[in-house]
Structures are given as structure tokens and as C-alpha cells.
Amino acid sequence: HTITRRPLDGMSTPAGVPAPADGATSTFVEALRVRYVGGSASAIKGKVDASLAGTHGGLSERDAIRQSTLELLKMVVIQDMGVESAGEPGTIRATCPKIEELDLAGNPLSGSWDVALDIAGQLDLLRFLSLVRTKLPDPTPETPPPSAVAKAFGGLHTLVLNETGVPFAGACHICAQLPRLEELQLGDHPVSLGSRPAGFETARDLAATFPALRSLLLENSGVEAWEDVWALRDLPKLEVLSLNRNPIDKVRYAAPPGAEDEESSATPFACLRSLFLLESQLAAWADVDECHKFPALKELRLQDAPVVRGIGASVARQIIIARVGSITALNGASVSKREREAGERYYLRHLIESYPEPLPAVAEDAEGDGSPALPQLGVKWASFLASNPRWRTLVAAHGLHSAQLPRAEGGKTLAMQLVNLTLQSSAGESIDAAPATRKLPTSLTVAKLKLVCTQVFKLDPNKQRLFYKSPGGGGDKSDGADAFMDELTDDLRTLAFYGVADGGTVVMDEWAPTDT
């Protein structure tokens, strides 16, 4: 999903054209001509005045062609061009009536909403407006006039107010007049999300203020309290909520403790598909577990949060995938069915070390159909189950054997065993090499297993990817799919940790250049 909409340049002109040397432009049309036609501000001003006098108004044929080209512009970027005013009434509408997307970032606009409204009011097709870095006064219920806002901005689908200094309450005053608004960007300055005046205090108020909003980007906006975010829960169409680079330290899919939650028939965050918490202050896995409760969540971003620091990107990814069962994208990369299965199996093995007591051996279920049953767990397990709410679900999905170290005859765990493993190569230079069988201790680490593969297939350990296939896993393809292979991702883990059993197969592949 595209997080931040970047305004597009509708003409094939060089980007970043600087303001003219003879002084900053002052009106929108002057800046437009400097940007898309070229020339100095004074020369352009004379042509603008002349063009208003007649059909060509004294313009050369070439300039007349350029004028007609301006009339076709749909996407316009006029950044840092010193625009102070809209110019003479009607000039914008006569010059470029087809503009649909307009980027006015960094223009002073005389520090007034009136100038922005005057420009937008002459563009009947305008759907996207960026006012980034334009310092604007805080809107109030009376200023700018709601009727003027509705007339000029009423057709907007996207409004970008980053670095404007406008607080969330002020944005509400503006957006209350924008019934078609689908995306609001308000960040890179403190927005005081929790400070909302009468009319915007409750979740119902905000739902009425933003009836069509699908994307709300509050990045680097000083949001600290999840309680303030919870007020957004009833926005009826909200699909994307970006809280990147905010010091939020918890996530809860519930009303804050002690709060008198208003009655609502709506499911909280019913349509939210994407939640972005890059560079947050989340430090507990309980906050990640809460994300699993969002009913429509498909995409999550959690890079550079304290909870995932120090455990390795690959391990963190697998644990998050396992804890949040609904997501199909994590940190900008899709989550395949195969990756989900691998992540959930890894997570179950990862938790074995946290068991309060050994899990009983696999037993047949009471109905005798051959499937293992999860035994009754005593009170010692209460804290473990509370800290890992999806554990039972994952054990049911992958089998009890995935949640305990495999045992050999006599009850000894495989960590104490020697196992016969078949080593195969899928790497380019050794793909034709004959498989080799080795008897190895299951206490062997993945790093040392790579050294064994180096001896057999002559591939540097740093270039190896190892996958494990359980005994007999490749024989039955009645389901139309190849046997599942578990990637051995952690060099410090033992073969026993990955459930390697006697008769299993280790397949060595080679990292592609783009993988490293």
C-alpha cells in the first residue's frame, strides 16, 4: 500500500526549478508559468497581463501554444516558488482549469487560509492538495468561514497538511466541511491528538467528521497515548492508520481502563487493514498480541521498536507473523502461506524453552482417530498461556509434536541422540552431486551443520541456506503440493530445536545475489 501520496508532475519539465533570479513570484499564475513555461518573474507578469487583454493578448504564437498547454495541466507541482496570492479574480480558472492535483509545498500564501481557499476555489476539478511547510493559523469554528471551506475544498479527496503547524482540532474544523475526503496527512509537527474541542470529543463526533476517510497519516506528530488513538475507532471507512515515529508505548484493542466508554454499535476499527508503528516505543509482546485482535488487519509495520531490537530481523519477523495470525504483509514485505507456516512452527519451538514444566509426551486423542491431543495443563501454565495467547491455536493447527522436542524410544529427547541425515544440494555448482548420509548429534548447531555441508558440497557457509524435510515428507503428494520444508534460519540453534529426526533430509541452497 502506498503510504504517502507524492504529488505528480503533469508536464515533462525538469523537477526542482528554482525561483527566478529577479525576485520571488507573488501570484499563482506567475509561479505556474515560471515552473512550466520558463522565464523571469517580471517578464512572465507582463505576459500574464497581456494575455488578459485579448485572444493572444500580444503573446507570440509560441507563447500562445504554451498557454494552451497550461490549460491541459492536470497535475501541478509548484514548490517553494514564493506564491503569496491567487492573483486577479478568475485568472487561475482561465489559465489552468483542469488541474486535479496541486502541490503548493513551501509557499507562504501570506500565512492565510484565504489565499489557499482562493486558489482552490478556482479549480473545480481539484482532488489533491498539498500545503506542506506552509505555516497556517489554527482554524476555528468561524475562521476560515465553513461555507468558504466547503465551496473551495469540498471536492478534495486528499489533503496534506504536514509541517503546517495545524493541530488535529484545527484539521477537524476544516475536514468537517469535506465530505469526500479519503486521505488526510497531518504530521511532522505536534498535532495534540488528545486535545479536541466540543463537537470533536467523542468517537461518534469524529466518525461524523470523517465519514469517507480511508487513510489517516499522523506520522511524527507527537502522539503518545493509545487512549487518544482509541478515539478514532469508529471512523466508518478507515483502512490505513500510520502512527510512524510516534512515542506510543502500548497498543490495546479495548477501552482504556477506568474510561467510561460510550455505547456504540460499531466494531472498533472495523475496516482497518494497515497499521504502521515504525519507530514506536512498544516494548512488550503483549502489545503485538493486541494487534491480532483487530478484525480486518492485514498489514503491520513494527520496525525499530524496542520489542524487536536485539533478536535479529529474521527471528523477529517469524515471531510477529506467528503472534498476529491475520497479517499478509509485514514491514513492507508480503507474508506467504509457506512463510506463515514456517514462522508459526519456529515460534512453537522457540517457546519450548519457556515452558514452566516439561510438556507431556504426545498422546492419542480420546476418540482414537490417531491425532495427538493437547493434555490438560495445570496452574503452572497460567502465566505462560496468558503471555502467549495464540499457543493453543497454533498447537491445534500444527500438532502437539511441533510444540515439544521429539522423543526417541525410551523417552529420551532427540537432543541426546545421533540421527542419520541425508544431505542434498540445490546450489548451482553442486546440484548434480550425489546425496550424502551423515550421522550427526542433534545437539549440533546450524552453523556447524553448514561446515559439514561445506565439506560435502564445497560451498562457503556464508552462502548457504539450509532447509529441513522430515522423514518421508517427500513421498506423499496427494494434496498436490510438495512437502513442507523448514528453513534453518538461526545459526546458533541446534538440530534438536528444529525437530530434526532420524531419516530426515537437509537441503542446501545458495543465497541469490539479491538475498544478501
Side-chain angles (χ1 to χ4, degrees), residues 135-143 159-178 181 183-211 213-264 266-272 274-284 286-287 290-291 293-294 297 301-302 305-306:
K135 301 304 179 184
L136 296 166
D138 293 354
T140 68
E142 296 82 23
T143 307
L159 179 60
V160 186
L161 296 176
N162 297 332
E163 297 183 75
T164 60
V166 175
F168 185 75
C172 287
H173 287 301
I174 296 294
C175 295
Q177 311 302 321
L178 280 56
L181 191 69
E183 179 175 343
L184 173 63
Q185 298 184 30
L186 184 69
D188 293 323
H189 67 265
V191 301
S192 303
L193 181 60
S195 300
R196 300 186 300 276
F200 307 114
E201 293 177 304
T202 70
R204 289 179 181 176
D205 293 338
L206 294 178
T209 302
F210 299 100
L213 197 69
R214 296 182 182 276
S215 298
L216 178 58
L217 281 64
L218 300 173
E219 300 184 352
N220 190 30
S221 58
V223 178
E224 298 184 29
W226 181 257
E227 291 80 0
D228 297 335
V229 178
W230 186 249
L232 305 170
R233 65 190 179 277
D234 284 349
L235 269 60
K237 295 186 178 181
L238 187 64
E239 296 179 358
V240 179
L241 178 58
S242 182
L243 299 168
N244 290 337
R245 296 184 293 280
N246 282 296
I248 296 173
D249 61 1
K250 68 179 178 181
V251 173
R252 294 292 182 272
Y253 188 74
E260 296 183 3
D261 198 25
E262 62 199 78
E263 292 185 5
S264 175
T267 300
F269 294 108
C271 298
L272 189 68
S274 302
L275 177 61
F276 304 135
L277 294 161
L278 171 72
E279 298 181 27
S280 70
Q281 293 302 311
L282 299 181
D287 299 303
E290 288 291 314
C291 295
K293 299 178 182 179
F294 288 76
L297 193 66
R301 295 199 177 189
L302 280 174

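Sequence positions, counted from 1, serve as the residue numbers for this chain.
In terms of heavy-atom proximity, F168 sits nearest to L186 at CA-CD2, 3.7 Å. Contact record, I174 with L178: O-CD1, 3.1 Å, taken as the closest heavy-atom pair. Among all heavy-atom pairs drawn from L275 and C291, the shortest one is CD2-SG, 4.3 Å. Nearest heavy-atom pair, N162 versus H189, reported as atom, atom and distance to 0.1 Å: C-ND1, 4.1 Å. When every heavy atom of P306 is checked against every heavy atom of L282, the shortest pair comes out as CD-O, 3.2 Å. Residues P247 and V223 approach most closely at CD-O, 3.3 Å, considering heavy atoms.
Under the 4.5 Å side-chain criterion, counting only non-hydrogen atoms from C-beta, W230 is in contact with P268. Residues S274 and L241 have side chains not in contact (no heavy-atom distance under 4.5 Å, counting atoms from C-beta outward). In this structure, the side chains of E227 and V229 stay at 4.5 Å or more apart for every pair of heavy atoms. Looking at heavy atoms from C-beta onward, W226 lies out of side-chain contact with D249 at the 4.5 angstrom threshold. When side chains are defined from C-beta on, C271 does not count as touching L238, because their heavy atoms never get closer than 4.5 Å. Counting only heavy atoms from C-beta outward, the side chains of T140 and D138 never approach each other to under 4.5 Å. Two residues are said to be in side-chain contact when any heavy atoms from C-beta on lie closer than 4.5 Å; S221 and N246 meet this criterion. Looking at heavy atoms from C-beta onward, L232 lies in side-chain contact with L216 at the 4.5 angstrom threshold.
Of the possible donor and acceptor atoms, one in the side chain of N244 sits under 3.5 Å from a partner among the backbone N and O of L278. At least one donor-acceptor pair under 3.5 Å links the side chain of T209 to the backbone N or O of D205. No side-chain donor-acceptor contact under 3.5 Å links S192 to the backbone of G194.
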Test side chain to side chain contact (heavy atoms under 4.5 Å, CB included) on V251 and L277; report intermediate values, then the result. CA-CA 10 Å; V251 173; L277 294 161; 3.9 Å; yes

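With sequence neighbours left out, the salt bridge (charged side-chain N to carboxylate O under 4.0 Å, His left out) criterion links R196 to no other residue. Considering only residues two or more places apart in sequence or on other chains, S280 meets the side-chain hydrogen bond (donor to acceptor under 3.5 Å, both in side chains) condition with none of them. Under the ring-ring contact (aromatic ring centres under 6.0 Å, His included) criterion, F200 pairs with H173, sequence neighbours left out. Here E290 pairs with K293 under the side-chain hydrogen bond (donor to acceptor under 3.5 Å, both in side chains) rule; sequence neighbours left out. For D228, the side-chain hydrogen bond (donor to acceptor under 3.5 Å, both in side chains) criterion is met by no residue, not counting sequence neighbours. Not counting sequence neighbours, the partners of R245 by the side-chain hydrogen bond (donor to acceptor under 3.5 Å, both in side chains) test are E219.
Side-chain atoms of N220 and D188 include a donor-acceptor pair closer than 3.5 Å.
Distance check, rounded to the nearest 0.5 Å: CD of E201 to OG of S195 gives 11.0 Å. Note: L218 CG to S242 OG = 8.0 Å, rounded to the nearest 0.5 Å. The CZ atom of F276 lies 8.0 Å from the CG atom of L217; values are rounded to the nearest 0.5 Å.
The pair K250-E224 does not meet the salt-bridge criterion, since no charged nitrogen lies less than 4.0 angstrom from a carboxylate oxygen.
Judged by a 6.0 Å distance limit and a 45° cone about the ring axis, R233 is not positioned over the six-membered ring of F269.
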